[in-house]
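Below is one structure, written out as structure tokens; the observations come after it.
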Amino acid sequence: MADAARTAENVDTPKGLAFAMTAYLLWGFLPLYMKAVSHMPALEVVAHRVIWSVPVAGVVLMYLGRTGDLFAALRSPRTLLMGCLTAALITINWGVYVWSIAADRALDAALGYYINPLFSIALAAVLLGEKLSKLQWVAVGLAAAAVGVLWFDTGALPWPALTLTISWGFYAFFKKSLPVGPNQGFLLEVLILTIPATGFLIWQTANGGSHFGGEVSDTLLLLGCGIVTAVPLLFYANGAKLMRLSTIGIMQYIAPTLIFLMAVLVFDEPFGKARMIAFPMIWSALIVYSIPMIQDVRNARK
């Protein structure tokens, strides 16, 4: 009751902080798990992330007593259509993320999630007509310039980073229009995705390419994909309801920072001159972008 009252006042709660911190830490260390399954095709890993997320999310929804909302969503053509759209976007995001880690491009994954909040405010300006402050324009400009540096250095756009940014940005944008709660919405999405995921795995098994049921370690890792996928999302969904949007906005840099450190210190990915220029530009952009949010948090505590 106390958490509910404090949320109504739009303040941060200890429970919300614990939920959100847990989610971001789990996302930050997720590359270790994705590296462990990197010898398997990305599509196979994504398919198992979908299928084994269903029982995890289903148990949570039954515990919360919100299965009625899910059944109502399944009977609504509009909700199903929106669910198909968000499901497609999250599939693209998962697929590129899994591929990036396997291809030793975790730094691209970190870059993508660093840019995401800046892309989101630009998206709001274009699609919703929201006016950006001068600081926000500066932040967006710095992020665009950083991408330009990487583009000039390699002669090609950093497509994994941009795909992660765009897919997650539009996912979050359309997710707001999904007329169900976050837990119900996630289960709806993975239920929708179960059909193509199951079809792919049947085809893969028929062609002798499945890793499930072969090596015990591979089978256990694929089974665990549901837990490492669903649990952080559910922690985040519940934490976001118990915290101020500005605080959540600042905390979202935890995961890409951990991914960045892991890429450089654990996976030993090359950090060349272009990245030495681009990443500080991104970090500067995020500092500029975060200044108003930090001020909001301080004012709320006075």
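Model, not experiment: these values are computed from the prediction. Just the heavy atoms: all of them, side chains too, but no hydrogens, waters or symmetry mates, feed the values below.
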**Request:** Indicate, with yes or no, if Leu223 and Val59 share a hydrophobic cluster defined by side-chain heavy-atom contacts under 4.5 Å among Ile, Leu, Val, Met, Phe, Trp and Tyr.
**Result:** no
**Prompt:** According to a 4.5 Å side-chain heavy-atom criterion applied to Ile, Leu, Val, Met, Phe, Trp and Tyr, with indirect links allowed, do Leu89 and Leu81 form part of one hydrophobic cluster?
**Reply:** no
**Item:** Nearest heavy-atom neighbours spanning Thr205 and Ser210
**Value:** OG1-CB, 3.5 Å
**Asked** Which residue pairs pass the ring-ring contact (aromatic ring centres under 6.0 Å, His included) test when at least one of the two sits in residues 255-274, sequence neighbours left out?
**Response** Phe260-Phe271, Phe260-Phe279, Phe260-Trp283, Phe271-Phe279
**Complete:** What one should report as the nearest heavy-atom pair of Asn93 and Trp168 is ND2-CB, 3.5 Å
**Message:** Can you list everything that forms a side-chain contact (heavy atoms from CB on, under 4.5 Å) with Val288? Sequence neighbours excluded, please.
**Reply:** Leu135, Val138, Ala139
**Asked** So Arg105 and Ser100, side-chain hydrogen bond (donor to acceptor under 3.5 Å, both in side chains) or not? Walk me through it.
**Response** CA-CA 5 Å; Arg105 298 185 70 166; Ser100 297; over 6 Å; no
**Message:** If you apply the rule side-chain contact (heavy atoms from CB on, under 4.5 Å), what do you find for Gln204 with Leu43, and how did you get there?
**Reply:** CA-CA 10 Å; Gln204 188 187 45; Leu43 282 177; over 6 Å; no
**Request:** Check the hydrophobic clustering (I, L, V, M, F, W, Y; side-chain heavy atoms under 4.5 Å; chains of links allowed) and say if Val126 and Ile166 are grouped together.
**Result:** yes
**Message:** For the CD1 atom of Ile121 and the CD atom of Gln136, what is their distance to the nearest 0.5 Å?
**Reply:** 4.5 Å
**Item:** Ile254 CD1 to Thr257 OG1 distance, which is reported to the nearest 0.5 Å
**Value:** 8.0 Å
**Prompt:** Short question: side chain of Arg275, backbone of Pro270 - any donor-acceptor pair under 3.5 Å?
**Reply:** yes
**Item:** Stepwise side-chain contact (heavy atoms from CB on, under 4.5 Å) test for Val37 and His48
**Value:** CA-CA 11 Å; Val37 299; His48 281 280; over 6 Å; no
**Request:** Using a 4.5 Å cut-off on heavy atoms from C-beta on, say whether the side chain of Leu118 contacts that of Leu286.
**Result:** yes
**Request:** Looking only at non-hydrogen atoms, find the nearest pair between Leu242 and Gly16 and report the distance.
**Result:** CB-CA, 3.6 Å
**Request:** Could you give me the CA-CA distance, side-chain angles and deciding distance for Val264 and Glu269, then say whether side-chain contact (heavy atoms from CB on, under 4.5 Å) is met?
**Result:** CA-CA 5 Å; Val264 175; Glu269 292 189 15; 5.9 Å; no
**Asked** Taking side chain as C-beta onward, heavy atoms only, is Leu30 less than 4.5 Å from Val228?
**Response** yes
**Request:** Could you tell me the separation between the CG atom of Leu233 and the OG atom of Ser53, rounded to the nearest 0.5 Å?
**Result:** 8.0 Å
**Message:** Arg66: which residues meet the side-chain contact (heavy atoms from CB on, under 4.5 Å) condition with it, sequence neighbours left out?
**Reply:** Leu61, Leu64, Asp69, Gln184
**Asked** Minimum heavy-atom separation for Ala230 to Val56, with atom names?
**Response** CB-CG1, 3.7 Å
**Asked** CD1/Ile115 to OG1/Thr165 distance, rounded to the nearest 0.5 angstrom?
**Response** 4.5 Å
**Item:** Test item: Met281 and Val149 side chains (from C-beta on) under 4.5 Å apart, heavy atoms
**Value:** yes
**Message:** For the aromatic rings, using the six-membered ring if either is Trp, is the centroid distance between Tyr97 and Trp94 under 6.0 Å?
**Reply:** no
**Message:** When you compare the side chains of Asp108 and Tyr113, does any donor N or O come within less than 3.5 Å of an acceptor on the partner?
**Reply:** no
**Message:** Minimum heavy-atom separation for Gly169 and Leu123, please, with both atom names.
**Reply:** O-CD2, 3.8 Å
**Message:** Once ring-ring contact (aromatic ring centres under 6.0 Å, His included) is applied, what residue pairs with a partner in residues 136-163 remain, sequence neighbours excluded?
**Reply:** Trp99-Trp159
**Message:** What verdict does the side-chain contact (heavy atoms from CB on, under 4.5 Å) test give for Cys225 and Val45, after you've listed the backbone C-alpha separation in whole Å, the side-chain angles of each residue and the deciding distance to 0.1 Å?
**Reply:** CA-CA 7 Å; Cys225 282; Val45 175; 4.1 Å; yes
**Side-chain heavy-atom pair Leu142, Ile282 within 4.5 angstrom cut-off** = no
**Request:** Report yes if the side chains of Glu44 and Leu222 come closer than 4.5 Å at any heavy-atom pair, otherwise no.
**Result:** yes
**Request:** Locate the shortest heavy-atom distance separating Pro31 from Ile101; write the atom from each residue and the value.
**Result:** O-CG2, 3.7 Å
**Prompt:** Mind checking whether Phe200 and Trp203 have parallel, tilted or perpendicular rings, split at 30° and 60°?
**Reply:** tilted
**Message:** Using the side chain to side chain donor-acceptor pair (under 3.5 Å) criterion, which residues pair with Ser217? Sequence neighbours excluded.
**Reply:** none
**Prompt:** Take atom CG in Leu265; do more than 12 heavy atoms of anything else shown fall under 6.0 Å from it?
**Reply:** yes
**Request:** Indicate yes or no: at least one non-hydrogen side-chain atom of Glu215 is less than 4.5 angstrom from one of His211.
**Result:** no
**Message:** Tell me whether Ile90 shares a hydrophobic cluster with Ile195, the cluster being built from Ile, Leu, Val, Met, Phe, Trp, Tyr side chains joined at under 4.5 Å.
**Reply:** no
**Message:** Do Val266 and Lys35 make a side-chain contact, defined as non-hydrogen atoms from C-beta onward lying under 4.5 Å apart?
**Reply:** no
**Asked** Same cluster for Leu150 and Leu157 if Ile/Leu/Val/Met/Phe/Trp/Tyr side chains link at under 4.5 Å?
**Response** yes
**Item:** Within 6.0 Å of CH2 in Trp27, more than 12 heavy atoms from elsewhere
**Value:** yes
**Prompt:** Any side-chain heavy-atom pair from Met262 and Phe29 closer than 4.5 angstrom?
**Reply:** yes
**Request:** Hey, could you give me the OH/CG distance between Tyr63 and Asn183, rounded to the nearest 0.5 Å?
**Result:** 12.0 Å
**Reported OG-to-CE distance for the pair Ser76 and Met82, which is rounded to 0.5 angstrom** = 10.5 Å
**Message:** Tell me if the OH atom of Tyr236 is crowded by more than 12 foreign heavy atoms within 6.0 Å.
**Reply:** no
N/O donor to acceptor pairs below 3.5 angstrom from side-chain atoms of residues 185-193, sequence neighbours left out:
unit_1	atom_1	unit_2	atom_2	d
Glu189	OE1	Tyr171	OH	2.9
Glu189	OE1	Lys175	NZ	3.4
Glu189	OE2	Thr86	OG1	2.9
Glu189	OE2	Tyr171	OH	3.4
Glu189	OE2	Lys175	NZ	2.9

